[in-house]
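In what follows, a structure is listed as structure tokens, so that the remarks can point back to it.
Bear in mind the structure is a predicted one, so any value in this text is a computation, not a measurement.
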Amino acid sequence: GLDDARRAFDKMHRWDVSMWNSMIAVYVQCDHCSAALELFLQMLQEGLMPNNITFFTILHACTSPVDLADGKLIHSCIVDRGLESDVVGSALVNMYGKC
């Protein structure tokens, strides 16, 4: 389950973007959206560059009006990195619709 996934993630000695994406997705799928957002911020602090999959996944963690500020921050990161695409765009529309 979730705890096993996190233990496996924490035991890794080297994390690439796909590992972070996977762990963020597990949190979102298990409806632990605040943990997903915290992990996304940790990813940024570690200096990793999110990709379209990261943004698509983390936007699904922004599902309520309380998350709107985080969603807008993520949106600005997407724009700053030039990663707007149809897939990310649909996740943005979904996020703004829910918030």
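From F56, atom CZ reaches atom CG of L83 across 14.5 Å, with rounding to the nearest 0.5 Å. Separating the CD atom in E38 from the NE2 atom in H32 is a distance of 11.0 Å, to the nearest 0.5 Å. Atom CD of E84 and atom CZ of F55 lie 10.5 Å apart (nearest 0.5 Å). Rounded to the nearest 0.5 Å, atoms CG (N21) and CG (N52) are 10.0 Å apart. To the nearest 0.5 angstrom, M23 atom CE is 11.0 Å from Q42 atom CD. Summarising the geometry, atom CZ belonging to F40 is positioned 9.0 Å from atom SG belonging to C62; distances are rounded to the nearest 0.5 Å.
Remark: I53 CD1 is loosely packed, at most 12 non-hydrogen atoms of other residues, nucleotides or ligands lying under 6.0 Å away. Counting non-hydrogen atoms of neighbouring residues, nucleotides and ligands closer than 6.0 angstrom, the NE2 atom of H60 exceeds 12 such neighbours.
Remark: the T54 side chain and the N51 side chain contain an N/O donor-acceptor pair separated by less than 3.5 Å.
When every heavy atom of T57 is checked against every heavy atom of A25, the shortest pair comes out as CG2-CA, 3.5 Å. Here the shortest heavy-atom pairing between S64 and C99 reads O-SG, 3.1 Å. In this structure, A61 and D67 approach most closely via the heavy-atom pair O-OD2, 3.5 Å. When every heavy atom of A5 is checked against every heavy atom of V26, the shortest pair comes out as CB-CG1, 4.2 Å.
Using bins of under 30°, 30° to 60° and over 60° for the plane-to-plane angle, the ring pair W20/F9 lands in the perpendicular bin.
Hydrophobic clustering of Ile, Leu, Val, Met, Phe, Trp and Tyr side chains at less than 4.5 Å, counting indirect connections, unites V17 with I58. Linking Ile, Leu, Val, Met, Phe, Trp and Tyr residues whenever their side-chain heavy atoms come within less than 4.5 Å places L44 and L59 in a single cluster. A single hydrophobic cluster is seen to contain both M19 and L48, as judged by linkage of ILVMFWY side chains at heavy-atom distances under 4.5 Å, directly or through other members. Residues L37 and L2 share a single hydrophobic cluster, defined by chaining ILVMFWY side chains whose heavy atoms lie under 4.5 Å apart. Linking Ile, Leu, Val, Met, Phe, Trp and Tyr whenever their side-chain heavy atoms come within less than 4.5 Å puts L68 and I74 in one cluster.
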For this session: Check step by step if side-chain contact (heavy atoms from CB on, under 4.5 Å) holds for I78 and L92.
Result: CA-CA 10 Å; I78 292 166; L92 281 166; 4.3 Å; yes
Problem set entry | Working for side-chain contact (heavy atoms from CB on, under 4.5 Å), residues V93 and S90 | CA-CA 5 Å; V93 169; S90 68; 5.7 Å; no
For this session: Go through I24 and M43 one step at a time and tell me if the side-chain contact (heavy atoms from CB on, under 4.5 Å) criterion holds.
Result: CA-CA 10 Å; I24 290 168; M43 178 185 180; 4.3 Å; yes
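Among pairs with a residue in residues 9-22, those fulfilling salt bridge (Lys or Arg N to Asp or Glu O under 4.0 Å) read R6-D10, at least two apart in sequence or across chains.
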